[in-house]
Amino acid sequence: PAPANRPVDVSRQGFTLQPGERKTGLIVTVAEGAALLNGKVISSTEVASLPTQLRVYLVPAEPASADDALRYVETDVESNGRFTMRHLAPGRYWLLARPAPGAESSEAQTRPAAWSAEGRANLLREARASKVEIELQACQRVMDYLLRYEPR
């Protein structure tokens, strides 16, 4: 509960909902203008192959959105290198491809990396270093975007 009935932005901290628990007073904002990004990850060198479990991250490039977990998007890359991201808020982003967490072991990560402040900070640092920026306009459909994978 927020002190003095002030709204709390749960996109930054989240909240826990237990089975059977009810929450009241939630405000959900839905807006028009979502963008779509469809593309393919390719290796930065012709001789190198892509990791078997690769994930693409869309990281907000605008400083005001850096701590907003809802502006971070991640998706798995298919075996043919293709990926699709839907329902994206318009804005400037950095794109980043990296091995999926747990790719080295048989365990898969269940929570998106951006759900923790540390995860967002790591993604932001890596994405800034990659310097692959894209700007999405309202209702824009970006098709066949080529993203080069650079191993760390």
Side-chain angles (χ1 to χ4, degrees), residues 8-19 23 26-152:
V8 174
D9 184 358
V10 297
S11 69
R12 295 188 195 286
Q13 300 294 334
F15 68 94
T16 303
L17 187 61
Q18 300 296 329
K23 296 275 187 189
L26 297 174
I27 299 172
V28 178
T29 304
V30 179
E32 294 183 35
L36 175 134
L37 175 61
N38 175 290
K40 184 174 185 175
V41 179
I42 58 174
S43 179
S44 60
T45 63
E46 292 182 22
V47 294
S49 60
L50 296 175
T52 55
Q53 294 180 11
L54 195 62
R55 192 167 284 167
V56 172
Y57 297 86
L58 200 61
V59 178
E62 296 148 342
S65 300
D67 202 32
D68 185 350
L70 297 179
R71 293 295 300 266
Y72 289 76
V73 180
E74 63 185 71
T75 190
D76 290 326
V77 175
E78 298 173 15
S79 59
N80 61 2
R82 309 255 351 135
F83 68 91
T84 301
M85 296 177 159
R86 294 178 172 83
H87 314 296
L88 304 172
R92 287 184 319 116
Y93 294 91
W94 283 299
L95 270 168
L96 174 68
R98 70 179 192 186
E104 301 83 22
S105 69
S106 60
E107 295 182 29
Q109 180 181 359
T110 57
R111 295 172 51 98
W115 281 14
S116 72
E118 180 183 349
R120 287 191 298 276
N122 289 338
L123 286 173
L124 191 58
R125 185 181 65 254
E126 286 184 47
R128 280 183 182 152
S130 75
K131 299 180 182 173
V132 178
E133 189 172 329
I134 186 169
E135 184 163 358
L136 299 172
Q137 304 297 322
C139 300
Q140 182 179 13
R141 296 174 56 93
V142 177
M143 305 302 283
D144 298 322
Y145 185 92
L146 289 179
L147 176 60
R148 293 195 182 279
Y149 170 70
E150 299 281 343
R152 296 192 259 170

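This chain uses plain numbering: 1 for the first residue, then up along the sequence.
In this structure, the side chain of E74 does not engage the main chain of R55 through any donor-acceptor pair within 3.5 Å. In this structure a side-chain-to-backbone donor-acceptor pair under 3.5 Å is missing from S65 to D68.
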Below 3.5 Å, can you tabulate the donor-acceptor pairs from side chains in residues 128-137 to any protein atom, sequence neighbours excluded?
residue, atom, partner, partner atom, Å
S130, OG, L95, O, 3.3
S130, OG, A127, O, 2.7
E133, OE2, R92, NH1, 2.7

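With sequence neighbours excluded, the residues that form a side chain to side chain contact (heavy atoms under 4.5 Å, CB included) with R125 are N122. Here S79 pairs with nothing under the side chain to side chain contact (heavy atoms under 4.5 Å, CB included) rule; sequence neighbours left out. Remark: P90 engages A138 in a side chain to side chain contact (heavy atoms under 4.5 Å, CB included) (not counting sequence neighbours). The side chain to side chain contact (heavy atoms under 4.5 Å, CB included) search around T75 returns V56, F83, M85, not counting sequence neighbours.
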**OP:** Kindly determine whether L88 and L37 satisfy side-chain contact (heavy atoms from CB on, under 4.5 Å), including the steps that lead there.
**Re:** CA-CA 8 Å; L88 304 172; L37 175 61; 3.9 Å; yes
**OP:** Quick one: do Q53 and V77 satisfy side-chain contact (heavy atoms from CB on, under 4.5 Å)? Show the steps, please.
**Re:** CA-CA 7 Å; Q53 294 180 11; V77 175; over 6 Å; no
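A 4.5 Å side-chain heavy-atom check between I42 and Y149 finds every atom pair outside the cut-off. P151 places a side-chain heavy atom less than 4.5 Å from the side chain of S44.
For the atom pair L96 CG and L147 CG, the distance stands at 8.0 Å (nearest 0.5 Å). Rounded to the nearest 0.5 Å, atoms CG (L36) and OH (Y145) are 14.5 Å apart.
Contact between R148 and S43 at its shortest, heavy atoms only, is NH1-O, 3.8 Å.
Sequence neighbours left out, the pairs with a member in residues 77-89 that pass salt bridge (Lys or Arg N to Asp or Glu O under 4.0 Å) are R82-D144.
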